[in-house]
Amino acid sequence: MQNNLVFNSFKKQSDVLLSQERFLGAFAGKRGGKTEVGSIWSITEQESRPGYIPNGVDPYLGVIAAPTEDMLSRLSWKKFMAYANPCGLIKNDWKKPKMIEWHDSRQGDESLIYGISADKPERLEGIKAYWIWIDEVFQVKEQFFLECLARV
């Protein structure tokens, strides 16, 4: 099966993808490619694992978040899967709870991605994430945003 997905970034999207800043924001109007760039950025973070030192206990963990469970499933998660799945980057995925085991996950060195909705912020408890992508960030409550900052 051949993968025909191609991502041609706009200049501002390239700026986000190439940035070395710890916290990033992609700001654009409707249909401006924010979810698209968030998906690609998440994949590159999960693949490159910046700052990760395996210790046999903590997985390399990324989080995809959206304001509601519906938005997470219908938009953010769907877009992420559209790019990651055909490329063979997903070893396993679960619908409930939303979780992906990344292709390079192995015993003692897991690589996982959780899907979390901001309407259930308690799911962030205990999470030690290396990256969090909050899609539609202006639609989440400030407390959820601050909790995400604390978890990265």
Side-chain angles (χ1 to χ4, degrees), residues 5 7 9-10 12-52 54-55 57-105 109-152:
L5 289 175
F7 177 71
S9 62
F10 302 127
K12 295 291 184 184
Q13 289 173 319
S14 293
D15 292 345
V16 169
L17 294 172
L18 296 173
S19 176
Q20 298 299 308
E21 297 297 323
R22 183 167 179 213
F23 300 106
L24 300 170
F27 305 98
K30 291 179 181 176
R31 309 277 313 143
K34 299 177 299 290
T35 300
E36 201 90 21
V37 78
S39 297
I40 300 299
W41 177 84
S42 299
I43 289 168
T44 59
E45 288 296 296
Q46 195 69 20
E47 273 295 282
S48 62
R49 295 181 172 200
Y52 179 65
N55 62 12
V57 178
D58 298 312
Y60 184 81
L61 180 64
V63 175
I64 298 172
T68 66
E69 186 68 36
D70 177 63
M71 288 178 78
L72 178 64
S73 297
R74 188 171 42 85
L75 302 172
S76 318
W77 198 260
K78 185 177 180 180
K79 183 70 74 171
F80 180 86
M81 295 294 275
Y83 281 105
N85 212 9
C87 297
L89 299 174
I90 296 172
K91 189 174 187 178
N92 292 306
D93 71 287
W94 296 265
K95 306 291 183 236
K96 295 228 184 245
K98 283 201 179 325
M99 187 170 80
I100 293 170
E101 181 181 22
W102 207 241
H103 70 96
D104 62 355
S105 193
D109 188 18
E110 287 183 303
S111 185
L112 305 171
I113 300 171
Y114 292 161
I116 295 177
S117 63
D119 55 358
K120 295 180 183 171
E122 65 276 3
R123 292 188 58 207
L124 281 171
E125 290 177 356
I127 287 181
K128 177 184 174 184
Y130 285 86
W131 61 266
I132 297 177
W133 163 38
I134 308 173
D135 199 13
E136 300 296 343
V137 70
F138 288 116
Q139 294 184 39
V140 304
K141 292 184 177 168
E142 182 181 16
Q143 184 58 40
F144 183 79
F145 177 78
L146 294 174
E147 190 65 29
C148 286
L149 289 178
R151 298 282 170 192
V152 175

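Everything numeric here is computed off the predicted structure, so don't read it as measured data.
- Remark: Asn92 engages Trp94, Glu101 in a side-chain contact (heavy atoms from CB on, under 4.5 Å) (not counting sequence neighbours).
- A distance of 13.5 Å separates CG in Leu146 from NZ in Lys141, rounded to the nearest 0.5 Å.
- Nearest heavy atoms, Trp77 versus Lys98: CD2-CD, 3.7 Å.
- Taking the salt bridge (Lys or Arg N to Asp or Glu O under 4.0 Å) definition, one finds that Lys95 meets it with Asp93, sequence neighbours left out.
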Step-by-step side-chain contact (heavy atoms from CB on, under 4.5 Å) determination, Ile64 to Asp135: CA-CA 8 Å; Ile64 298 172; Asp135 199 13; 5.9 Å; no
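- No donor-acceptor distance shorter than 3.5 angstrom exists from the side chain of Ser111 to the backbone of Ser105, with no hydrogens or angles considered.
- In this view, Ser42 satisfies the side chain to side chain donor-acceptor pair (under 3.5 Å) rule with no residue, not counting sequence neighbours.
- Within 6.0 Å of NZ in Lys78 there are 12 or fewer heavy atoms belonging to other residues, nucleotides or ligands.
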Val152 vs Trp131, side-chain contact (heavy atoms from CB on, under 4.5 Å): CA-CA, chis, key distance, verdict: CA-CA 6 Å; Val152 175; Trp131 61 266; 5.8 Å; no
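- Lys128 places no side-chain N or O within donor-acceptor distance of the main-chain N or O of Asp58, the cut-off being under 3.5 Å.
- Classification of the Tyr60-Tyr130 ring pair by plane angle, with boundaries at 30° and 60°, yields parallel.
- Note: Glu110 CD to Leu61 CG = 9.5 Å, rounded to the nearest 0.5 Å.
- The salt bridge (Lys or Arg N to Asp or Glu O under 4.0 Å) check on Asp119 picks up nothing, with sequence neighbours excluded.
- Side-chain contact annotation: His103 with Glu47, donor-acceptor N/O pair under 3.5 Å present.
- Nearest heavy-atom pair, Ile132 versus Cys148, reported as atom, atom and distance to 0.1 Å: CD1-O, 3.5 Å.
- In this structure the side chain of Leu124 never reaches within 4.5 angstrom of the side chain of Tyr114, judged on heavy atoms.
- The distance from atom NZ of Lys34 to atom OG of Ser39, rounded to the nearest 0.5 Å, is 12.5 Å.
- When all heavy atoms of Leu72 and Gly115 are compared, the closest pair comes out as CD2-C, 3.6 Å.
- Minimum heavy-atom separation, Phe144 to Ser117: CE1-O, 4.2 Å.
- With sequence neighbours excluded, the residues that form a salt bridge (Lys or Arg N to Asp or Glu O under 4.0 Å) with Glu147 are Arg151.
- Taken from CG in Asp70 to CG in Leu75, the straight-line distance is 7.5 Å, to the nearest 0.5 Å.
- For the pair Gln46/Ile100, no side-chain contact is recorded, criterion being any heavy-atom separation below 4.5 Å from C-beta on.
- Distance check, rounded to the nearest 0.5 Å: OH of Tyr83 to CD1 of Ile43 gives 8.5 Å.
- Between Ile113 and Trp133, every side-chain heavy-atom pair lies at or beyond the 4.5 Å cut-off.
- Considering only residues two or more places apart in sequence or on other chains, Lys79 meets the salt bridge (Lys or Arg N to Asp or Glu O under 4.0 Å) condition with Glu36.
- The closest side-chain heavy-atom distance from Ile90 to Met81 is below 4.5 Å.
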